[in-house]
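Below: the structure, in structure tokens.
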Amino acid sequence: MKFSATPQEQLQILTTGVVDLVTREELLSRLEKSYQTGKPLVVKLGADPSAPDIHLGHTVVLQKMRQFQALGHEVVFLIGDFTGRVGDPTGKKKTRPALTEEEVMANAETYKVQIGKILDVGRMRLEFNSRWLASLNFADVLKLTAQYTVARMLERDDFANRYKGQVPISIVEFLYPLMQGYDSVALKADVELGGVDQTFNLLVGRDLQKSYGQAPQIIMTMPILEGIDGKEKMSKSLGNYVGINEPPDQIYGKLMSIPDDLMGKYYELLTDLSPAQLAEVKRRAGSEPKAVKMQLARRITAMYHGEAAGALAEAGFEKLFGKTGDGLPDDLEEARLAAPPEGLSLIRVLTMTGLAPSGGEAKRLLQQGGVRVDQAKQTDQNRLFHKGETFILQAGKRGFRRVILE
RNA sequence: GGAGAGAUGCCCGAGUGGCUAAAGGGGGCAGACUGUAAAUCUGUUGGCGCGAGCCUACGGUGGUUCAAAUCCACCUCUCUCCA
């Protein structure tokens, strides 16, 4: 393998946007060695087997992987099927049901498809940690656990806080970092990437590699992306995420709803703007925030759906929310409902179309003036609709259906 | 193993026999104002029912009582201190 970029050049590209790098010197010397020998670095990225919906938060670190790959290094995408099989006991989250092998494989497939939008899947190595973890016996586990102390485990913020806050920590949770670290040993990873929240686990990998007589991996952590609410980390369970598989309109719309202060960060972490362009964008954000945000939304939409889709999404957005538009989306989801002879009440229609999860919720929406039929605000919850009627139903700002009664 | 504290709605948390679908806060949702931004204000926030009302709910099971989140018994889980 020949590298087109010199170690110095590579270092510069690879370290931009990185929060923590342990250590810079080690990375450089390894890049040099790899440059001389023509042997690519093994770059590890771990993933959870149960969440195959990749969102923009994941892409931050995936973009970094892409850089490694583009520079000619070997990218290993590790699916933690074994760790997932144990079930995550963390904090308040319900213990996940263990996944079956079929589910794991199916999830891996969907991962591949999605990652393909960012990485060259053909040149990527896909691994599952059950390959080595499943065959460890108790003696092996003892050896592993002997490498770490409770005090050191408690250094991890998450553990420290919970311990202080008297929130339970199970022993399995102590095993997690060890398992993850052992993955690095098994893979002989040169570099491991992760979000800053992974710092502790990545460092454990370093320690374990030393214990097992390997050169410790270099760790690089990327910033955590806040979700579109601007408060918490982007995650599916908090519902503040933008999935890269979502339709263009959705991606565009969700991005338009982020708080203004977040625009800069999104530009920085989610697009490939040059430092100069970034500075320009940040300068303009103060005076013309809306235009800058639209550009962001369009750009990211285009990254995952193409330029044309980005432009379309923008046009659709203008039509829906702009001053000149009619306030309706282009492609309304259709709902065909069977109407009984006596007709369907507005409440029923709302629940049947899925615009309201329950009758009570539908009633509330109605009472608060959040329901429109063909653009007209509705107040009569008992209004009846009959077979043959067709209308556009709106609930709240974002819920639309073209309702056809049959 | 011993002693003590605790488990309440999406989250935190008040509530020690009826007035409790359960205070307050957070979060969510909706409305006004906007740029599907922020800030602010207002409303709302278990399910079913047009409604009277019915059902489900305070860790679990059983009991006392006309009546239980509240009292009793047992169980499960968590935390603290001691060993």
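The figures that follow rest on heavy atoms only: side chains count, while hydrogens, waters and symmetry mates do not. All values reported here derive from a predicted model rather than from experimental measurement.
Nearest approach of A/Met234 to A/Val242, heavy atoms of both residues: SD-N, 3.7 Å.
Checked by distance alone, A/Lys397 brings no side-chain donor or acceptor within 3.5 Å of a matching partner on the base of B/rG31.
Under a cut-off of 6.0 angstrom, the local environment of NZ in A/Lys265 is crowded, with over 12 non-hydrogen atoms contributed by other residues, nucleotides or ligands. More than 12 non-hydrogen atoms from other residues, nucleotides or ligands lie less than 6.0 angstrom from CZ of A/Arg284.
Checking B/rA37, B/rU36, B/rA30 against every side-chain atom of A/Leu365, the shortest atom distance belongs to B/rA30. Residue A/Arg348 has its side chain nearest to B/rG49 when only B/rA37, B/rG49, B/rG27 are considered. Considering only side-chain atoms of A/Pro259, the nucleotide from B/rG27, B/rG49, B/rA38 that sits closest is B/rA38.
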Indicate for each nucleotide in nucleotides 76-83 of chain B, in 5' to 3' sequence, whether protein heavy atoms under 4.0 Å reach the base (B), only the sugar-phosphate (S), or nothing (-).
--SSS---
Expected string for nucleotides 42-47 of chain B under the B/S/- scheme (protein heavy atoms, under 4.0 Å, primed atoms plus P, OP1, OP2 as sugar-phosphate) is -BSS-S
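Position along RNA chain B of the nearest nucleotide to A/Asp261 versus A/Asp229 favours A/Asp229 as the more 5'-ward residue. In this structure, A/Lys293 and A/Thr351 both approach RNA chain B, and ranking their closest nucleotides by distance from the 5' end singles out A/Lys293.
Taking the side chain as every heavy atom from C-beta outward, A/Val371 and A/Gln394 never approach each other to under 4.5 Å.
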Which dot-bracket notation, 5' to 3', represents the base pairing of RNA chain B when pairs are defined as Watson-Crick or G-U with both distances under 3.5 Å, crossing pairs as [ ], and inter-strand pairs as |?
((((((((.[[[..)..(.....]]]((((((.......))))))(((....)))...[[[[[..)....]]]]]))))))).
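Looking at A/Glu406 and A/Lys387, no side-chain N of the basic residue comes within less than 4.0 Å of a carboxylate O on the acidic one, giving no salt bridge.
Taking the centre and axis of the six-membered ring of A/Phe159, the NZ or CZ atom of A/Arg162 falls outside the cone set by 45° and 6.0 Å.
For the P atoms, the distance from B/rU44 to B/rG25 is 13 Å, rounded to whole Å. Distance check on atom P: B/rA69 versus B/rG18 gives 10 Å, rounded to whole Å. With P as the reference atom, B/rC82 and B/rG13 are 25 Å apart, rounded to whole Å.
With sequence neighbours left out, A/Asp260 forms a side-chain hydrogen bond (donor to acceptor under 3.5 Å, both in side chains) with A/Lys293. Judged as a ring pair (Phe, Tyr, Trp, His ring centres under 6.0 Å), and not counting sequence neighbours, the contacts of A/Tyr212 are A/Tyr182.
Residue pairs meeting the salt bridge (Lys or Arg N to Asp or Glu O under 4.0 Å) criterion with at least one member in residues 137-153 of chain A, sequence neighbours excluded, are A/Arg152-A/Asp207.
Note: A/Phe317 and A/Tyr252 have tilted aromatic rings, judged against thresholds of 30 and 60 degrees for the angle between ring planes. In this pair, A/Tyr111 and A/Phe77 present their aromatic rings perpendicular. The plane angle is above 60°, beyond the 30 to 60° band.
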